[in-house]
Structures are given as structure tokens and as C-alpha cells.
A.B. asks: 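Once you've had a glance at the structure underneath, I'll fire off some questions.
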Amino acid sequence: MAQISIEELYRGEGGGEKYGAGGIMGAVIQDLFSNGIPDGYDGVLWIELLTVTHTLTAAEQIKQEGDFVPGMTDAEPFSLREEKISDDNA
């Protein structure tokens with residue numbers, strides 16, 4: 001089990017090289033040069049989509065390997081609950 005920082009993961013340094021040469025950003029650039037930008041897509045949008053895709057792939061690999069990124073855990077599920085604000089003065 002290895003502890004990997006987000007910076008290492010994106011740059012491919014420290015323990016991050018385990019998840020792709022050049023890290024997530026290296027994988028994005030490699031994908032971009034190999035496959036290009038599809039017709040009809042804005043270049044910046046496509047790079048953002050590739051970044052999300054490769055980040056999710058790395059996250060799944062991290063989980064399978066038993067590694068972790070400090071401060072991020074599956075112990076507490078992400079919540080989008082709506083907080084109610086009461087207005088007692090109304």
C-alpha cells in the first residue's frame with residue numbers, strides 16, 4: 001500500500017509513475033497526440049475530458065492496488081445533500 005500525492009499522480013513522480021509514464025497529464029498528452037481532437041470539439045474542452053477520463057482510470061487502478069491519496073477515502077461517501085436554511089424572521 002503506497003501513499004501518493006495528487007501532484008505525484010498528475011506528474012508521474014514519486015509513486016505516481018506506477019499509474020502511467022508521465023502520470024495522468026502524460027497520458028492525456030499521449031492520447032491527444034495519438035488520437036487528435038475529434039471534429040466538432042473545442043480543443044480545451046477535449047483536453048479537459050481526457051483529463052477526467054485518465055483521472056478516473058488512475059483512481060480505479062489506485063483502488064485496485066490498495067494505494068491511497070491522503071485526504072481522500074471511500075470511508076465517507078460523497079454527498080450532494082441540500083442544506084435547508086430556515087428563515088425565522090420571515
A.B. asks: Please step through side-chain contact (heavy atoms from CB on, under 4.5 Å) for the pair Arg11 and Ile24, ending with a clear verdict.
C.D. replies: CA-CA 7 Å; Arg11 289 184 170 193; Ile24 291 171; over 6 Å; no
A.B. asks: Linking I/L/V/M/F/W/Y whenever their side-chain heavy atoms sit closer than 4.5 Å, directly or via other members, would Leu56 and Leu49 fall into one cluster?
C.D. replies: no
A.B. asks: Hydrophobic cluster membership, with links at side-chain heavy-atom distances under 4.5 Å among I/L/V/M/F/W/Y: are Val28 and Tyr41 in one?
C.D. replies: yes
A.B. asks: Write down the atom of Ile37, the atom of Leu32, and the distance for their closest heavy-atom approach.
C.D. replies: CG1-CD1, 3.6 Å
A.B. asks: Please say yes or no: joined through hydrophobic side-chain contacts below 4.5 Å, possibly via intermediate residues, are Leu45 and Met25 part of one cluster?
C.D. replies: yes
A.B. asks: To the closest 0.5 Å, what do you measure between CD (Glu48) and OG1 (Thr53)?
C.D. replies: 11.5 Å
A.B. asks: To check you understand the geometry: which heavy-atom pair defines the closest contact between Leu9 and Ala58, and what is its length?
C.D. replies: CD1-CB, 4.4 Å
A.B. asks: For a quick test of reading the model, state the closest non-hydrogen atom pair linking Trp46 to Gly36 and the distance between them.
C.D. replies: NE1-O, 3.4 Å
A.B. asks: Rounded to the nearest 0.5 Å, how far apart are CD of Glu65 and CD of Glu60?
C.D. replies: 11.0 Å
